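Step one of this worksheet: look at the structure below.
These numbers were taken from a predicted model, which means no experiment stands behind them.
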Amino acid sequence: MRFHPHHCPECGNIAKGTAENVPGRCNLAFDAEGNAEYDDTGTDLFWDGAETDVDGNGRVLLLCSNGHDWRADFVPEEAQAS
């Protein structure tokens with residue numbers, strides 16, 4: 001696969017990875033009256049449901065090691081061969 005641009009427009013570093021949206025469940029504890037509070041076990045993440053952050057134009061969100069992010073066009077391998 002290829003991304004354009006694959007270098008950060010702010011600092012010039014090459015992309016470190018894609019931004020991902022990961023579904024999760026923040027755990028709750030209920031009292032006898034039905035009131036809920038967040039419990040102390042944290043949030044369970046469902047890694048198999050992770051999806052790359054893609055905008056309406058099909059551009060992925062890339063991140064560099066300096067914490068900058070930018071949108072880039074994604075070119076799958078099949079399209080590169082043609």
Review point. If you look only at pairs with a residue in residues 32-69, which of them pass as a ring-ring contact (aromatic ring centres under 6.0 Å, His included), with sequence neighbours excluded?
Key: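 Residue pairs passing ring-ring contact (aromatic ring centres under 6.0 Å, His included), neighbours aside: none found.
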
Exercise for review: Check the hydrophobic clustering (I, L, V, M, F, W, Y; side-chain heavy atoms under 4.5 Å; chains of links allowed) and say if Met1 and Ile14 are grouped together.
Suggested key: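 They do not share one cluster, since no chain of ILVMFWY contacts under 4.5 Å joins Met1 to Ile14.
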
Exercise for review: Indicate, with yes or no, if Phe3 and Leu61 share a hydrophobic cluster defined by side-chain heavy-atom contacts under 4.5 Å among Ile, Leu, Val, Met, Phe, Trp and Tyr.
Suggested key: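 Each belongs to a different hydrophobic cluster.
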
At what distance, to the nearest 0.5 angstrom, does [atom1] of [X] lie from [atom2] of [Y]?
X     : Y     : atom1 : atom2 : value
Asp44 : Arg25 : CG    : CZ    : 4.5 Å
Cys26 : Asp39 : SG    : CG    : 7.5 Å
Trp70 : His7  : CH2   : NE2   : 8.5 Å

**Study point:** Exam field: side chain Asp69 to backbone Leu63, donor-acceptor pair closer than 3.5 Å
**Key:**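 No; zero donor-acceptor contacts below 3.5 Å.
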
Considering non-hydrogen atoms only, spot the tightest contact between [X] and [Y] and give its length.
X     : Y     : result
Cys11 : Cys64 : SG-SG, 3.7 Å
Asp55 : Arg71 : N-NH1, 3.5 Å
Pro5  : Ala72 : O-CB, 3.4 Å

Check your understanding: Within a strict 4.5 Å, meaning less than it, do heavy atoms of the Thr18 and Leu62 side chains meet?
Key ->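 SC-SC contact between Thr18 and Leu62 confirmed.
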
